[in-house]
Amino acid sequence: MLALVLDTSTPAVSAGLVCGGELLAEHVVVDGRRHGELLAVGIREVLKAGTPDTVVVGVGPGPFTGLRVGIVSAAAFGSARGLPVLGVCSLDGLAGPSTAVVTDARRKEVYWAVYDETGARVDGPHVTSVSEAQQAISGRRIVGDGAQLYGFSTADEPRYPSVLALALAAQRYAPLPLTPLYLRRPDAVEPGATKKVTA
Amino acid sequence: MPLVLGIETSCDETGVGVVRDRVLLADEVASSVEEHARFGGVVPEVASRAHLEAMVPTVDRALAAAGVTLADLDAIAVTSGPGLAGALLVGVAAAKAYALALDLPLYGVNHLAAHVAVDVLEHGPLPEPAIALLVSGGHSSLLLVKDVTRTMTPLGQTLDDAAGEAFDKVARLLGLGFPGGPVVDRTAQLGDRRAIAFPRSMLADPSYDVSFSGLKTAVARWVEKQDGPIPVADVCASFQEAVVDVLTAKAVRACRDVGVGHLLIGGGVAANSRLRALAQERCDAAGIVLRVPRPGLCTDNGAMVAALGDRLLDAGIAASALDLPADSSMPVERVVC
Ligand SMILES: [Zn+2]
């Protein structure tokens with residue numbers, strides 16, 4: 001498998017080219033407001049290292065706007081080249097044996113998942129309050145950009161998913177659909193009743 | 001002959017069009033309008049979710065309808081602004097990925113210029129300069145079109161609500177549902193447009209700007225004051241008349257002032273039957289040639305983006321860079337990002 005790997009679930013805009021367990025090229029820029037501008041440039045750069053036969057994309061959880069940039073790019077690229085496109089949980093890109101991954105979901109909530117001693121995901125992904133997450137993950141090594149932000153851990157590396165780990169997750173788990181792991185509903189509120197009129 | 005794929009995601013329609021040398025080969029639209037209806041307006045997050053789901057399937061449908069494959073394409077064009085930021089982003093990201101995967105030039109284009117360019121598919125090249133009146137739920141602009149492949153000059157715009165927004169708000173006030181344009185138009189046909197004298201804001205103002213928020217308030221006040229049943233058809237007809245009276249008067253005046261002989265009307269509100277009729281009447285009286293694309297090409301669609309892309313390619317305009325942003329407030333002066 002020579003995989004083009006994309007992830008836009010965090011402020012890191014990541015593209016990589018991974019062959020088996022080997023990273024051939026990587027392009028990562030941390031700028032949470034410019035996913036749409038940066039990702040295609042990253043793809044162009046890593047494509048110089050080879051021609052992919054598979055596309056792997058992190059489908060979150062993470063901020064929706066950025067996430068959609070990665071997913072639609074993967075879907076369109078895969079469709080244009082006739083390649084399979086595999087969705088993976090972005091938290092898996094941060095995972096290791098006996099760890100919990102915690103990333104910032106804003107509004108004082110976190111996305112999190114728990115991994116066993118073999119590095120397999122055994123719980124999550126979830127979005128919950130910080131305190132609920134704390135109860136569920138206590139006693140494990142904690143990584144991810146939510147770890148330091150909410151005082152789970154003083155460790156600040158790794159903060160963002162690695163393309164190599166995401167490529168491995170694509171081999172380990174069944175592919176996820178090419179839809180963001182929203183875990184939340186849109187905020188829109190239906191309006192109240194309008195004044196009744198007759199014709 | 002160049003073959004161009006156009007992608008449009010600036011609001012609630014995922015549009016994909018295919019154009020070859022000014023000939024429309026396919027125009028596929030996946031609309032999320034029904035998902036917005038219960039909210040009484042377009043919800044950006046709901047629109048963005050729908051664009052993501054619809055993107056690749058709509059491209060596939062458009063290619064199949066056109067009887068071409070991705071390998072046949074010569075360029076990709078995409079709306080890069082103005083519009084809803086999150087919605088634009090989905091189309092722009094998809095367009096970049098297609099362009100990269102297929103090694104094609106990419107044009108990030110202005111949505112308003114695309115509304116102007118689409119008319120070429122029906123009526124042939126637009127004699128320039130011309131005046132364009134673009135009216136929809138998102139825009140109300142009067143533009144001077146010197147060269148749609150290079151730049152347009154804004155003459156006037158709405159100071160508050162877009163024309164289509166005013167239709168939506170009045171429809172909601174009357175309990176007619178969303179979107180308001182088509183239902184108000186239909187209901188108005190049963191009413192008397194002279195029944196109620198609603199205000200013509202900005203009509204006497206020398207600028208080309210318009211304003212609809214006062215009109216919407218006037219309709220609300222009038223409805224509130226009624227004791228008995230509301231004559232909905234008369235309200236619709238009189239409200240609609242006030243909107244199209246101001247729009248057509250200003251558009252015709254702009255043609256006269258600037259000295260151009262062609263007026264083009266586009267945008268979703270251009271599908272309004274009374275706007276079309278009154279514009280025709282006033283253009284005939286003033287000796288102006290009126291051009292209005294058929295309703296399906298007036299609302300947001302991918303064909304208009306492909307049509308503009310086709311003209312840009314034809315005019316030898318340089319393609320956009322791969323880091324082009326989705327620009328929710330892209331100025332009309334800029335046709336290509
Ligand atoms: Zn429009």
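Note that these values count all heavy atoms, side chains included, but never hydrogens, waters or copies made by symmetry. Order of the sequence lines sets the chain letters (A, B, ...), proteins ahead of strands, with each chain counted from 1.
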### Query
Heavy-atom distance under 4.5 Å to chain A: side chain of B/D234, backbone, both or neither?
neither

## Note on the structure
Value for CG (A/L94) from CD1 (A/I142), rounded to nearest 0.5 Å, stands at 13.0 Å

### Message
Tell me whether A/H126 contacts the main-chain N or O of A/W112 through its side chain, where contact means a donor paired with an acceptor under 3.5 Å.
### Response
no

### Query
Is it true that the side chains of B/T79 and B/E8 contain a donor and an acceptor less than 3.5 Å apart?
yes

#### Entry: Residue, of A/A74, A/G66, A/S79, that accumulates the most heavy atom pairs under 4.5 Å with chain B
A/S79

### Task
Answer with side chain, backbone, both or neither: which region of B/L70 has an atom nearer than 4.5 Å to a non-hydrogen atom of chain A?
side chain

### Query
Between CG of B/L25 and CZ of B/R20, what distance do you get to the nearest 0.5 Å?
6.0 Å

#### Entry: Part of B/A326 within contact of chain A (heavy atom distance under 4.5 Å)
neither

### Message
Any side-chain to backbone donor/acceptor pair from B/K169 onto B/S213? Under 3.5 Å, distance only.
### Response
no

### Contact class of B/V92 relative to chain A, heavy atoms under 4.5 angstrom
neither

